[in-house]
Amino acid sequence: MHVHSYEKIWLALGLGLILLLIGSVTYGAVGPGVSMVAADQPTVDPTALDEDDRFAEPRVEQVGENEYEAYVVAFQFGFEPDPIVLPANSTVTFMVTSRDVTHGFEVVGTNANTMVIPGEVSTLTVETGGPTEYGVICNEYCGAAHHGMEGSIEVVPQEEFEESAGGSSDGDGSGGDQ
Ligand code: CUA
């Protein structure tokens, strides 16, 4: 069969376009920095948060010099802990999960904002800056009291944070326990 050379060019272009599309979709799915939810993040059983090291006791934990992790549980209708007390001028990684349905975790007035899905751990890292207070709201409809679901963040001076954390470092016996 004779194929006109002009037609061959169009066939080649058409084939090229198809490959380009497949390539771009593939790149969009597995390219650098792109991963499907839960592909490389630890997941969690929302019905057994009490048995999870991170979420049995929602809290803020020091993980390095000036580095902290805040384990937060969202539920109908609030956040735990509340307030989330953070040390000033630190790097804090929030790890947020839900005990029941999908919620949101938005730190009002900042760009810290994530969806919170039961069974998944949403992480986001922030710099706390100076002492201040923030509101936290839920921005995913989660039930009758969704509009009233809020929490708070208190950024306090480092010393104050260490005191409130019960500073059991070198047993100086300066009270603070219980
Ligand atoms: Cu939780 Cu809306």
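Values reported hereafter were calculated over all heavy atoms of this structure, with side chains retained and with hydrogens, waters and symmetry mates removed. We count ligands from 1, going down the list as the structure has it; atoms in each ligand are counted the same way.
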Q: Please name the atom of H103, restricted to N, O or S, that is closest to atom 1 (Cu) of ligand 1.
A: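 Answer by atom name: ND1.
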
Q | Check: S152 main-chain N/O paired with D82 side-chain donor or acceptor under 3.5 Å | A |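 Indeed, once roles are kept as given, a pair shorter than 3.5 Å links the two residues.
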
Q | Heteroatom test (N, O or S) for H147 near atom 2 (Cu) of ligand 1, limit 2.8 Å | A | no

Q) With a 6.0 Å cut-off on ring centres, are Y71 and F94 close enough? A) no

Q. Regarding E127 and T91, is there a side-chain donor-to-acceptor distance under 3.5 Å anywhere?
A.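 A pair is found: one side chain offers a donor N or O, the other an acceptor, under 3.5 Å apart.
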
(Q) Need one value: angle at atom 2 (Cu) of ligand 1, E140 atom O versus C138 atom SG, rounded to 10 degrees. (A)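 It is 90°, given to the nearest 10°.
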
Q: Please confirm if an N, O or S atom belonging to H146, backbone or side chain, lies less than 2.8 Å from atom 1 (Cu) of ligand 1.
A: no

Q.
When you measure from atom 1 (Cu) of ligand 1 to the N, O or S atoms of M149, does any of those distances fall below 2.8 Å?
A.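 Of the N, O and S atoms in M149, at least one lies under 2.8 Å from atom 1 (Cu) of ligand 1, which means yes.
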
Q. For T97 and E120, which heavy atoms make the closest approach, and how far apart are they?
A.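 Here T97 and E120 meet closest at OG1-O, 2.8 Å.
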
Q) Out of curiosity, E106 CD to I137 CD1, how far, rounded to the nearest 0.5 Å? A) 4.5 Å

